[in-house]
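Proteins get letters first, then strands, A, B, ... in listed order; numbering begins at 1 in each.
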There are 2 protein chains.
Amino acid sequence: MVRKTLSVKKTAGRGRPSRSEDQPNYKEVILDGAEGLFAQHGFYGVSTRQVAVEAGIDVALVHYYFGTKRGLFDAVFLRRAEILNAARLASLDAYERDNAGALTAEGAIAAFVHPLIDASLTGGPGWKSYFALVAQVNNTPAWGGATMTRFFDPVVHRLIDVLSLALPDAQENELYWGYQFLTGAMTLCLSETGRIDLLSNGACHSNDLEAIRNRLTGYCAAGFRALVESQRPTAAVSPT
Amino acid sequence: MVRKTLSVKKTAGRGRPSRSEDQPNYKEVILDGAEGLFAQHGFYGVSTRQVAVEAGIDVALVHYYFGTKRGLFDAVFLRRAEILNAARLASLDAYERDNAGALTAEGAIAAFVHPLIDASLTGGPGWKSYFALVAQVNNTPAWGGATMTRFFDPVVHRLIDVLSLALPDAQENELYWGYQFLTGAMTLCLSETGRIDLLSNGACHSNDLEAIRNRLTGYCAAGFRALVESQRPTAAVSPT
DNA sequence: GTCTATAACTGGATAGAC
DNA sequence: GTCTATCCAGTTATAGAC
């Protein structure tokens with residue numbers, strides 16, 4: 001609580017600032033605290049004061065760094081989105097490169113999903129908060145659709161591309177519907193709400209992401225194939 | 001805005017109050033307004049004052065009827081949950097009765113999902129708001145899991161029962177995982193966030209629930225079967 | 001950069017008149 | 001039942017000292 005006003009600039013003066021122990025680096029500390037709180041209670045359920053208390057600093061500093069509360073929220077959302085997008089694009093690229101000619105829906109979905117599961121499993125608690133936040137945004141009617149679009153569309157279009165190579169008979173709109181179902185299932189799983197623990201009376205656990213990893217992939221891949229098989233003649237390739 | 005203080009008690013004095021035009025029935029009016037606002041902005045994003053304005057009455061009346069803001073929220077959530085649960089239990093019962101011996105995953109899922117889609121399509125705008133609300137609660141880490149459990153567990157267990165008849169080889173935990181994926185996809189679809197419209201550049205529409213009806217059912221049924229086929233030997237029936 | 005202090009306002013909730 | 005009036009804790013945000 002009681003912070004000592006340490007004016008020590010930095011001790012290790014080699015390379016880029018290591019910022020481990022010596023220097024506060026409040027910007028990151030604020031983001032970490034805000035991330036956890038927003039994930040738990042949503043944008044409106046958290047005050048900038050709570051964020052300040054969580055970070056062990058004063059409210060004014062929050063505004064100094066991020067301007068407005070919305071600015072803080074966007075910064076929280078953007079920070080890990082950039083990391084995720086890079087990891088997922090690389091994963092999809094690698095999958096397509098290493099399996100050219102033998103692409104499957106399973107493989108494409110796995111390349112899309114596994115980076116998230118890996119981050120949640122090994123990236124530390126901040127990632128768990130982040131995924132809980134994404135799940136909420138994904139299900140927010142007022143501005144959720146637009147926000148998800150703004151931050152995640154490129155990587156989703158990349159997934160759709162790979163999927164259309166794996167399922168060459170698929171109509172485009174079927175792939176979008178399949179993705180809609182996938183993202184609903186995926187974001188709910190990653191947010192670890194504890195719902196399935198209660199429902200299953202302990203047989204399944206929200207935080208058992210290893211149990212989810214292959215099940216979700218196989219489930220959705222089978223779903224995509226079912227969509228293709230019973231494809232409606234909607235707006236098929238109009239013959240010329 | 002300017003409400004006339006009509007002290008007319010009721011005109012048609014036959015049977016149960018008809019409450020169409022003559023009598024206000026503020027309790028329902030408040031619930032309707034609150035439902036729409038909560039659906040759009042979440043619990044913390046709405047003030048009781050906004051609810052009062054929306055309903056065309058004073059704040060004090062909100063507290064008179066519902067005590068606290070949380071009490072109002074719970075009342076909103078409960079009102080349609082009861083209707084839905086009754087409809088879905090009847091739907092599952094009818095399906096099991098009329099198809100004994102030929103139960104399928106498709107059929108069970110359809111019986112579980114169609115009442116919701118029907119309500120959204122033909123029940124009026126209040127239902128659309130309600131489903132948006134459910135999607136948010138389903139993805140709320142702090143108290144979402146517990147709330148969903150409290151209101152919807154019985155009907156979900158009924159679905160699991162019918163599914164285990166349709167998929168007799170399925171282990172129980174696989175059915176719970178399959179349901180987790182199903183509910184994530186379903187609640188996101190029903191909340192109509194507009195995300196897929198933007199993503200698909202107009203090829204698909206969030207509000208096209210008829211497009212979703214059979215696709216979601218087939219997708220998830222195929223997913224359930226995939227789970228059963230690649231079943232892990234976890235805690236299989238221990239032989240005695 | 002970081003804090004103190006405060007402006008300007010909104011929040012949930014209630015007491016009491018009618 | 002319904003409204004007016006009000007309490008006061010808590011909100012975002014900023015000005016200005018250090």
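- In this structure A/Asp208 satisfies the salt bridge (charged side-chain N to carboxylate O under 4.0 Å, His left out) test with no other residue, sequence neighbours excluded.
- In this view, A/Ser47 and A/Arg49, A/Gln50 satisfy the side chain to side chain contact (heavy atoms under 4.5 Å, CB included) rule, not counting sequence neighbours.
- No contact: B/Val62 has no heavy atom under 4.0 Å from any strand.
- To the nearest angstrom, C1' of C/dG11 lies 15 Å from CG of B/Leu37.
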Please tabulate, one pair per line, all N/O donor-acceptor pairs under 3.5 Å involving side-chain atoms of residues 141-153 of chain A, not counting sequence neighbours.
from     : atom 1 : to       : atom 2 : distance (Å)
A/Thr147 : OG1    : A/Trp143 : O      : 2.7
A/Thr149 : OG1    : A/Gly145 : O      : 3.0
A/Asp153 : OD1    : B/Arg195 : NH1    : 2.6

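- Both tests hold for B/Arg70 against B/Phe73: distance to the six-membered ring centre under 6.0 Å, angle to the ring axis within 45°.
- Rounded to an integer number of Å, the gap from CD of B/Glu28 to C1' of D/dG1 is 17 Å.
- Taking the side chain to side chain contact (heavy atoms under 4.5 Å, CB included) definition, one finds that A/Asn201 meets it with nothing, sequence neighbours left out.
- The residue A/Val51 sits apart from the nucleic acid: no heavy atom pair falls under 4.0 Å.
- At whole-Å resolution of the value, CD in B/Gln50 and P in C/dG11 are 6 Å apart.
- Listed nucleotides D/dG1, C/dG12, C/dC3 differ in distance to B/Leu61; the shortest reach to its side chain belongs to D/dG1.
- Under 4.0 angstrom from either OP1 or OP2 of D/dT11 there lies at least one side-chain N or O belonging to A/Ser47.
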Short N/O separations, protein against nucleotides 13-16 of chain C, under 3.5 angstrom:
from   : atom 1 : to      : atom 2 : distance (Å)
C/dA13 : OP2    : B/His63 : NE2    : 3.4
C/dA13 : OP2    : B/Lys69 : N      : 2.9

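- Of the side-chain N and O atoms in A/Tyr44, none sit less than 4.0 angstrom from OP1 or OP2 of C/dG11.
- Counting only residues at least two apart or on different chains, the side chain to side chain donor-acceptor pair (under 3.5 Å) pairs with a member in residues 108-125 of chain A are A/Asp118-A/Arg213, A/Ser120-A/Lys128.
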